[in-house]
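Notes to accompany the following structure.
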Protein chains: 2
Amino acid sequence: MPAQPAEFARKLPRQERAQHTVHSILRATAHILKTKGFAACSTNAVARRAGVSIGSLYQYFPSKEALVAALAEEHAKEGYTLLLETIRTAGEQPRSIEALVRHYIGALVRLHANDPELHRVLMEQVPTIRSGVVAMQQVSNQSAALVRAWLEAHRDQFRELDVEVATYVLVTAVEAVTHLRLLDRPAQLDTETLVAELSQLVLGYLGLGGQHRPRGRPA
Amino acid sequence: MPAQPAEFARKLPRQERAQHTVHSILRATAHILKTKGFAACSTNAVARRAGVSIGSLYQYFPSKEALVAALAEEHAKEGYTLLLETIRTAGEQPRSIEALVRHYIGALVRLHANDPELHRVLMEQVPTIRSGVVAMQQVSNQSAALVRAWLEAHRDQFRELDVEVATYVLVTAVEAVTHLRLLDRPAQLDTETLVAELSQLVLGYLGLGGQHRPRGRPA
DNA sequence: CGATAATATGAGCGCCGACTCACATTTTCG
DNA sequence: CGAAAATGTGAGTCGGCGCTCATATTATCG
């Protein structure tokens with residue numbers, strides 16, 4: 001894994017030593033971002049924690065912005081990999097709609113289990129940083145496109161719906177609940193329950209939930 | 001409306017002139033927060049935009065933190081007012097479950113239509129500021145408590161569910177979709193559609209959605 | 001009208017941030 | 001080896017930040 005793409009690089013690390021330096025810097029950045037937030041993530045602090053001089057940091061990252069962008073891109077790449085993997089395994093055997101929904105939601109939840117604090121900081125606290133956050137949005141868009149295509153393909157099995165709107169609602173809702181859970185970690189909401197509830201949410205929205213017959217008033 | 005609560009005040013503005021000053025400062029703060037983000041919201045910039053000297057700012061707000069906290073509290077108060085209003089009007093006449101859901105969701109959407117960018121910045125970018133953000137969380141909690149109580153009261157009419165979990169899922173999902181819509185404003189998702197779709201989402205999750213019978217495969 | 005309190009001013013202080021540069025050290029390779 | 005390239009160093013520059021304070025202006029009221 002090349003440490004950071006050409007657009008950001010000041011110098012490319014050629015020796016193993018240098019690659020280790022770059023890696024340390026990125027780890028330190030992630031750690032400080034997660035524990036102290038963006039405001040406290042000064043380049044001096046990063047260099048200190050990485051056990052590297054401030055000068056070395058600027059050898060490989062021309063600006064603080066580039067540093068954070070590189071981290072965001074790295075994070076996005078991991079997400080993209082998992083997304084591809086999920087698509088692949090989903091296609092392997094035919095499944096029911098319900099099973100498919102569970103499959104994808106499970107993947108999404110796992111995706112967010114990967115460094116959720118970092119994800120949050122990058123999405124929320126980091127002010128508009130061009131290139132890095134763009135990479136993360138692309139993963140989001142890919143994900144949305146997947147949902148859209150799936151809705152199109154199976155639309156005869158749902159209630160009548162506007163595919164655009166439904167995609168938006170579903171992606172946003174699932175993403176948000178998943179996301180938030182990892183931040184305030186409510187005790188009673190373990191991963192399994194989360195996946196089950198989100199599936200319920202999605203299936204219900206699509207008109208596939210088991211209809212409940214209220215007790216007390218006979219139909 | 002007293003400009004800011006006693007805990008934050010350095011001096012209380014007694015003359016009309018002073019109240020106007022305080023008001024300008026708060027407006028300027030909101031504007032800069034929304035357009036440039038928290039990082040760019042320096043006290044000097046706020047004072048400049050407010051057309052007021054930096055000294056005046058510190059007459060009424062003892063620190064930058066207090067300034068933002070006061071703004072957050074003001075924002076929270078508006079939300080709380082609307083929440084109370086919604087509860088009041090909801091109790092006026094008996095309604096169906098569906099109508100009630102629509103009523104509350106409509107209120108939530110309107111609530112978020114009030115300065116959504118400010119809401120976002122205060123929730124996300126502003127690092128832990130004690131008192132101000134606490135006020136906003138209280139409104140959130142009130143809102144959640146309301147949902148929880150409502151679920152308890154009508155639970156015999158839904159599918160079987162864990163009230164805690166359901167509250168969490170519903171509040172988070174509805175809040176997130178509402179919220180996000182106001183930030184990237186997708187053209188095809190007007191307020192009316194949004195309310196309808198969110199109601200669908202909630203009712204479906206509760207097992208009250210119209211069950212769809214798939215075409216092509218007879219039951 | 002003073003006299004006193006309330007309000008407004010902005011140059012400036014101390015600090016810390018991003019970032020530079022002249023130099024030291026290590027690695028590569030003919 | 002030894003020279004050139006790659007890598008590493010950290011004191012120091014500079015700008016902007018939060019914030020203070022001595023001073024000027026305006027309102028209140030007897």
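The shown structure was predicted, so the numbers you read here are calculated from the model rather than taken from an experiment.
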Is the side chain of B:Thr193 donor-acceptor paired with the backbone N or O of B:Leu189 at a distance under 3.5 Å, no angle test? no
Other residues, nucleotides, ligands: >12 heavy atoms within 6.0 Å of A:Glu152 CD: yes
Give a yes/no answer on whether the side chain of A:Tyr60 brings an N or O atom under 4.0 Å of OP1 or OP2 in D:dG8. yes
Considering just the side-chain nitrogens and oxygens of A:Arg17, establish if one lies under 4.0 Å of OP1 or OP2 belonging to D:dT7. no
Give a yes/no on whether any side-chain N or O of A:Thr43 is located under 4.0 angstrom from OP1 or OP2 of C:dA18. yes
Identify the two heavy atoms, one from B:Thr43 and one from B:Leu57, that lie closest to each other, and give their separation to 0.1 Å. O-CD1, 3.6 Å
Under a 3.5 Å distance rule, please check whether B:Ser140 uses its side chain to pair with a backbone N or O of B:Met136 as donor and acceptor. no
Both B:Ala39 and A:Asn44 contact DNA chain D. Taking the nearest nucleotide for each, which residue is further toward the 5' end? A:Asn44
State which of C:dA6, C:dG10, C:dA18 makes the closest approach to the side chain of B:Gln15. C:dA6
If each of B:Arg14 and A:Cys41 is mapped to the nucleotide of DNA chain C with the nearest heavy atom, which maps nearer the 5' terminus, i.e. the 5' end? B:Arg14
With A:Asp115 as reference, evaluate A:Arg120, A:His75, A:Lys34 under the side-chain hydrogen bond (donor to acceptor under 3.5 Å, both in side chains) test and give the passing residue. A:Lys34
Check the phosphate of D:dT20 against B:Tyr58, side-chain N and O only, distance under 4.0 Å to OP1 or OP2. Yes or no? no
From the set D:dT7, C:dA8, C:dC19, return the single nucleotide nearest to any side-chain atom of A:Ile54. C:dC19
At what angle, to 10 degrees, do the two end axes of the helix from C:dC1-D:dG30 to C:dG30-D:dC1 meet, given five pairs define each axis? 0°
What orientation do A:His179 and A:His112 show, parallel under 30°, tilted 30 to 60°, or perpendicular over 60°? perpendicular
How would you label the contact of B:Ser56 with the nucleic acid (heavy atoms, under 4.0 Å): base, sugar-phosphate, or nothing? base
Within less than 4.0 Å of OP1 or OP2 of D:dG8, is there a side-chain N or O belonging to A:Thr21? yes
May I ask you to verify whether the side chain of B:Gln59 and the base of C:dA6 hold a donor-acceptor pair under 3.5 Å? no
Is B:Arg102 reaching over with its side chain to a backbone N or O of B:Val195, donor-acceptor style, under 3.5 angstrom? no
Report yes if at least one side-chain N or O of A:Ser42 is closer than 4.0 Å to OP1 or OP2 of C:dA18; otherwise report no. yes
Whole angstroms only, please: what is the NE2-C1' distance between B:His23 and C:dT7? 19 Å
